[in-house]
Amino acid sequence: VTACGVVRDMLGPDVPLLQTVFSPLTIANKLSEGRIIDHLRENPDLIHETLSVIRDVTIEVTKASMAAGASGVFFASQCAATDVMTREEYDTFGVPYDLPVVEAANGAGSEFSLIHIHGANTFFELLAGYPDAATAAMVAATMPAPWQPEVVPVAEEGSGRGAWPTRWRAGCATPGPRDRCLRTND
């Protein structure tokens with residue numbers, strides 16, 4: 001949060017600044033050294049308690065980042081993929097903890113939120129439904145089948161949320177609410 005304020009001071013008010021915020025499940029996965037999926041299958045009640053605490057702290061960090069000068073958030077999920085867990089598990093252990101964080105960013109004045117899905121075989125369409133956010137997957141190999149492999153034109157400048165340009169170097173993005181899929185290799 002302090003670094004966000006320092007960068008804002010250096011950039012001035014006119015340059016967009018996104019603060020990286022990891023999803024609560026991603027944070028739990030990192031803290032557990034990759035064992036969170038086994039834990040949620042073995043002891044779901046304890047993991048819900050744990051994710052609630054992580055969600056609450058993440059919300060406070062997100063709000064503090066916005067207050068420190070972030071224009072929005074780069075919300076990163078590294079667990080929203082079938083290679084990590086089932087869709088039903090993500091619906092239970094991901095979405096209920098992701099949405100309050102994204103909503104907190106929006107409520108704190110986020111001009112632009114980018115939902116970044118990391119990995120192969122992602123739940124792209126699910127996270128593309130998150131409110132007031134664009135959604136991108138890390139690389140073309142992670143895109144859902146209906147959007148592979150063709151390239152479509154990038155949206156015009158200013159077509160994203162607010163007056164921000166919508167331009168992507170790789171992957172697929174949907175300026176919320178899910179109105180189109182964009183892809184470019186430039």
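Values reported hereafter were calculated over all heavy atoms of this structure, with side chains retained and with hydrogens, waters and symmetry mates removed.
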Exercise for review: Would you mind reporting whether K63 and E60 have side-chain heavy atoms less than 4.5 Å apart?
Suggested key: yes
Correct closest heavy-atom pair for V1 and A64 would be CG1-O, 3.7 Å
Could you tell me if Y90 and S77 have a donor-acceptor pair between their side chains, going purely by distance under 3.5 Å? yes
Rounding to 0.5 Å, atoms CG (L51) and CG (D56) come to a distance of 11.0 Å
Sorted by chain and number, sequence neighbours left out, side chain to side chain donor-acceptor pair (under 3.5 Å) with D91 holds for R87
_Main chain of L25, side chain of R55: is a donor-acceptor contact present, judged purely on distance under 3.5 Å?_
no
Within one Ile-Leu-Val-Met-Phe-Trp-Tyr cluster: L127 and L99, side-chain cutoff 4.5 Å: yes
d(K30 NZ, I54 CD1) to nearest 0.5 Å is 12.5 Å
Smallest heavy-atom separation, G69 atom then L17 atom, equals O-CD2, 4.0 Å
Those residues at least two apart in sequence (or on a different chain) that pass side chain to side chain donor-acceptor pair (under 3.5 Å) with S65 are Q19
Checklist entry - Same cluster for F112 and F74 if Ile/Leu/Val/Met/Phe/Trp/Tyr side chains link at under 4.5 Å? => result yes
With a 4.5 Å cut-off on side-chain heavy atoms, are S71 and R8 touching? yes
Taken to the nearest 0.5 Å, the spacing of D132 CG from E103 CD works out to 9.5 Å
Residues pairing under ring pair (Phe, Tyr, Trp, His ring centres under 6.0 Å) where one sits in residues 25-48, two or more places apart or in two chains, turn out to be H48-F93, H48-Y97
Between T58 (side chain) and P24 (backbone), is there a donor-acceptor pair under 3.5 Å?
no
Give a yes or no on whether the backbone of C79 and the side-chain of N29 come within a donor-acceptor separation of less than 3.5 Å. no
When every non-hydrogen atom of S110 is compared with those of G72, the smallest separation belongs to OG-CA, 3.3 Å
* Asked: Is V102 reachable from L126 through a run of I, L, V, M, F, W or Y residues, each pair having side-chain heavy atoms under 4.5 Å apart?
  -> yes
Paired with F75, the side chain to side chain contact (heavy atoms under 4.5 Å, CB included) test is passed by just one of T62, V101, I117, namely V101
Distance col, row N43:CG vs E49:CD, nearest 0.5 angstrom, shows 8.5 Å
Cluster overlap F22 with V95, hydrophobic side-chain contacts below 4.5 Å: no
**Prompt:** Should F124 and M85 be counted in the same cluster of Ile, Leu, Val, Met, Phe, Trp and Tyr side chains packed under 4.5 Å apart?
**Reply:** yes
The reported gap from OG1 in T26 to NE2 in H116 (rounded to nearest 0.5 angstrom) is 9.5 Å
Rounding to 0.5 Å, atoms CZ (R41) and CZ (R35) come to a distance of 15.0 Å
